[in-house]
Structure formats: structure tokens, C-alpha cells
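To keep things clear, I will list the structure first and then write my remarks on it.
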2 protein chains.
Amino acid sequence: MVRRIEAVSVVEAVGDDIRGRLFAGELVGGTALTEAIVAEEYGVSRSTAKAAIEKLTAEGLLQRDAHKPARVPVLDADDVRDVYRTRMRLESEAIRELAAARSVPPAATEANARVRATGAAASIDSVEPDMRFHAALVVALESPRLERMYLSLVDEVRLCMAQVQGRRLLDVQQIADEHQQILDHIAAGDADAAVQCLHGHLTRASDRLIAALAAAP
Amino acid sequence: MVRRIEAVSVVEAVGDDIRGRLFAGELVGGTALTEAIVAEEYGVSRSTAKAAIEKLTAEGLLQRDAHKPARVPVLDADDVRDVYRTRMRLESEAIRELAAARSVPPAATEANARVRATGAAASIDSVEPDMRFHAALVVALESPRLERMYLSLVDEVRLCMAQVQGRRLLDVQQIADEHQQILDHIAAGDADAAVQCLHGHLTRASDRLIAALAAAP
DNA sequence: CTATGTAAACTTGTCGGACAACGGCGAGAG
DNA sequence: CTCTCGCCGTTGTCCGACAAGTTTACATAG
């Protein structure tokens, strides 16, 4: 057992907290985050506030153009579509490779069990295990670069979710069933079928999100 | 004809120049880039030097851990393999989608013409059109996020090339032929065959690079 | 001789203040 | 009504400073 500790710099701490507020929906799309405001809110210098903002901007969680304050991006239908299309591409490849090896990532089955264990009452609590399921597929390939790319996408997905906060999107049991189908196809080595399932799964999610988005503002 | 101009900030300018030096092989792997050195070299303050370094670090072109100077990464065989595996994943997906639509990106055929036009004498001059060919496949999907991911990979590829500078890697005509095969399969709608070609194409390139890398130091 | 401990030099992290440049907005001139 | 000018907020960049962490060299103890 390794005891892990980690010392985070101030700009990291500030960045992480803002990220949290973004995902929690506390910072709604369009909100302006000036360096001065962030600096004062956290009691840090403008330099570190600037650094934190630029870090988040590089991650795609904030938008900013020169000489203007950073803003929480407002994701429109096109953005959601692109995010989910890109997700699909990465996950498809992951699934193909896993199916070729007929290897089902244990982390994925475990995560899906948690999805199913989620009471139907609280569908919000199911999004975290859901994310973990999908991430497990990509992580299983053990490719640092692919993983980094996928995780940056996940952040944007969380941003989408925050924008339609708490809205019940899909039936939890149905989601779990679809996940299981994908795993079954992988185990059977049927890449095309697995990809097909994923395609439907993500397309439905994307459509629901876009619909919820259109209803929100 | 629109005359495009662009005003870049100082940190951008510094970052771009360092990037250029990295790609030119002027900064060899392992070199330490302290904030003070960069600041003095470009006659800027340490703050902006710091920002430039952090930007490049975020792009993966420099490595750095806390309280230590940034270093030009030394890419080993595993890195090259991962970069090319990831390339393959993104490009495979691109090819599949293009083949499904039987749409051959004009930019790709054009870039490949340039590859073929490269005299056999200067194989170094062929890497730029070669990159453009591969990038054209991904860009054709018109997905901002996928494109951004791919371009970050391209940067790492250029870093690899810089580490084995000028080494003749593959026969230019063979490369052009392989590209053409891929395009033909796309035109025919045969995704699997196209992916198969790409697989061989990139695997050969990766192997050559790794071999050259092993011979270099 | 090795190992330990310590001091010095170097590097980064963060701060505060300063000023120029850029963007937006409203008041006043035409 | 439109255009211009100037004010104000915001960012870009610089400087100087100090704390904290890292590395190196060295001296000392075993």
C-alpha cells in the first residue's frame, strides 16, 4: 500500500475549484470571469488568478479572446453534437480493439454494476458511474495520449450536463442494459455489433441532451 | 483577396519561436529551459517567459514538474509507439467515415501530389506534404475537437522527427503509392481495406522511426 | 571511504504594484 | 440620427521582491 500525498500549487487549487463550480452548474454559461474577480474571490494575486484562468481556457472549460474577460462557454446544439461525435470516434476505436482481443475491462463491468445499482429515483447519481463505464473502455487501452484526449472530452461532457442541470435524461436501467450489450459483444469479439450499440447509445444521449438544451433557456 | 493579419501577444510569439526551434532540432531532447534563460534570450520578463513555457508544457512539447526547470522531452520507443498508435486510431476513424461517404478529400489528393513531386533526393522536404496528407483526412471531418486533438499529435510527431533529424526514413515514391491506395479504397467505399493500408503504412513509419531513434544516441 | 548533514547557489511559486493597450459605453457634436 | 471622443473597466506586460523547493558542493562523523 502506497501512501499517496499531493501538494497542489495555488493556481492548481484555484483552477480545480473553479472547475468544480463549473461542473456543479454554479457558474452558468455566459458568466464572465475577470481576473480581478477571481483574484479577490480566492484572495490570491491577479497573476495566479490569470494563470488559473488560462489553464482552464487551455482545457476548453473557459473561452476567452484577447483583452476580454474569460467566459463560461455556452454550448449550443452543434457543440454537443461535436462532443458526442468525437466521443463516439474515440470509444469506437477502443471498442474495436477490445473486441479484437475479446477483453472486457473489469473496471467497465464494475462501473456498470454501479449504474444499475443506482435507484431509479436519482438519475443524477448515475451519471458519475456512467462516465466511469465509458472512460474504463478507453483507459483499458493503456495509451497515455488517447486517455488524455478522452478525459478532456469528458470535462466538456460534464459541462454539458451542468447546463441542463438535474434534468432526468434517460432511464437508468435502459442505460445499464445498453452498456451490458456492448460488453457482451466485446466478449464475443463482434466489434461491428458493439460499435453499432455504442452508436445508438451515444446518439440517444446526444439527442436527449440537445433537446434538454433547447428547452432550458 | 482578403489580407489577413494577426497580432500575436508576446508570450505567443516566444512560444511559437521555441516551438520552431524544437521542430528544427535546435533544442535537442533533454535540454533544460529555465524561465530566466528564456526571459533573457528573448528580452522579456520572467513572467511572460513563464507563461510561454507553461503553454508549451500544456501542449506536450515540454515536460516539467514542480520547482524544476522545463525540459525538452526525450521520446523513447514507447512514446513513439503511443503517438503512432493514437494517430492510427484517429486516422482510422476518419478513414472509416470518409469511406462510408465515399468522399475523398481534395486537400488529401493535392497534398499527395506534392509528396510525389518531391525529388527522391530530398526526402526531408517530403515530410511536410506527408503531414498535410494525413491531416487532410482528419480535417475533412470538420470536427473542431477531433481536429484539435489530431493537431496536438502532429506536434509530437514533428518532435520525433526532430530527434532523428534528417535521417532518410522511407522511400518517397512508396509513401505516395500507399497514400494513393488509401484514397482509392476510400473512393471504393472499402473502409476495412483502407484502414488495413493505413495500418501498414503507419506501422512501417513507426518502426523506422524507432529504429532510427535507437541508432541516434 | 562512505554516509550523513549542512550551507550555498539556483530555480520556481506567488505576491504587489505599475503602466500601456485594447474594448465598450455613453455623452456630446454634427 | 449618426459619428466621434473620451472615460472606465479589463487585459497584457513588466519589474522587483521574497518564500519555498531543488541541486550541488562540501565538510564532518562514523
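The chains referred to below are lettered A, B, ... by the order of the sequence lines, with proteins before strands, and numbering in each begins at 1.
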Please state how far atom [atom1] in [X] lies from atom [atom2] in [N], giving the value in whole angstrom units.
{"X": "A:Asp65", "N": "D:dT10", "atom1": "CG", "atom2": "P", "result": "15 Å"}
{"X": "A:Leu33", "N": "D:dG9", "atom1": "CG", "atom2": "P", "result": "19 Å"}
{"X": "A:Glu35", "N": "C:dC15", "atom1": "CD", "atom2": "P", "result": "14 Å"}
{"X": "A:His67", "N": "C:dA21", "atom1": "NE2", "atom2": "P", "result": "10 Å"}
{"X": "B:Arg64", "N": "C:dT11", "atom1": "CZ", "atom2": "C1'", "result": "9 Å"}
{"X": "B:Glu40", "N": "D:dC14", "atom1": "CD", "atom2": "C1'", "result": "16 Å"}

Practice problem: Answer yes when B:Arg85 and A:Glu93 have at least one side-chain N-carboxylate O distance shorter than 4.0 Å, and no when they do not. | Solution: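 No salt bridge links B:Arg85 with A:Glu93.
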Exercise. Tell me what B:Ser9 touches on the nucleic acid: a base, only sugar-phosphate, or nothing, going by heavy atoms under 4.0 Å.
Key: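 Counting heavy atoms under 4.0 Å across all strands, the contact made by B:Ser9 is with sugar-phosphate only.
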Practice problem: Determine the interplanar angle of the A:His134 and A:His179 rings, folded into 0 to 90°, and report it as parallel if under 30°, tilted if 30 to 60°, perpendicular if over 60°. | Solution: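 Ring orientation, 0 to 90° scale: perpendicular.
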Self-check item: Distance test, side-chain N/O of A:Thr48 to OP1/OP2 of C:dC15, below 4.0 Å
Solution: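 Affirmative; the distance criterion is met.
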Quiz item: Is B:Arg46 reaching over with its side chain to a backbone N or O of B:Ala36, donor-acceptor style, under 3.5 angstrom?
Solution: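 No, B:Arg46 side chain to B:Ala36 backbone: no donor-acceptor pair under 3.5 Å.
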Practice problem: Using heavy atoms to find the nearest nucleotide of DNA chain D for A:Ala70 and A:Ser47 separately, return the residue whose nucleotide is more 5′. | Solution: A:Ala70
Quiz item: Of B:Asp17, B:Val10, B:Val11, which is the lone residue that meets side-chain contact (heavy atoms from CB on, under 4.5 Å) with B:Val14?
Solution: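 When side-chain contact (heavy atoms from CB on, under 4.5 Å) is applied between B:Val14 and each of B:Asp17, B:Val10, B:Val11, only B:Val10 qualifies.
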Practice problem: Could you tell me whether the side chains of B:Arg89 and A:Ser143 share a donor-acceptor contact shorter than 3.5 Å? | Solution: yes
Quiz item: Does the side chain of A:Arg87 come under 3.5 Å of the side chain of A:Ser206 through a donor N or O and an acceptor N or O?
Solution: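 No, A:Ser206 and A:Arg87 have no side-chain donor paired with an acceptor closer than 3.5 Å.
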Practice problem: For DNA chain C, find the residues of residues 49-58 of chain B with a heavy-atom distance under 4.0 Å and give them by number; none if there aren't any. | Solution: B:Lys50
Practice problem: Test for a donor-acceptor pair under 3.5 Å between the base of D:dG16 and the side chain of B:Arg46, counting only N and O atoms. | Solution: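 Checked by distance alone, the answer is no.
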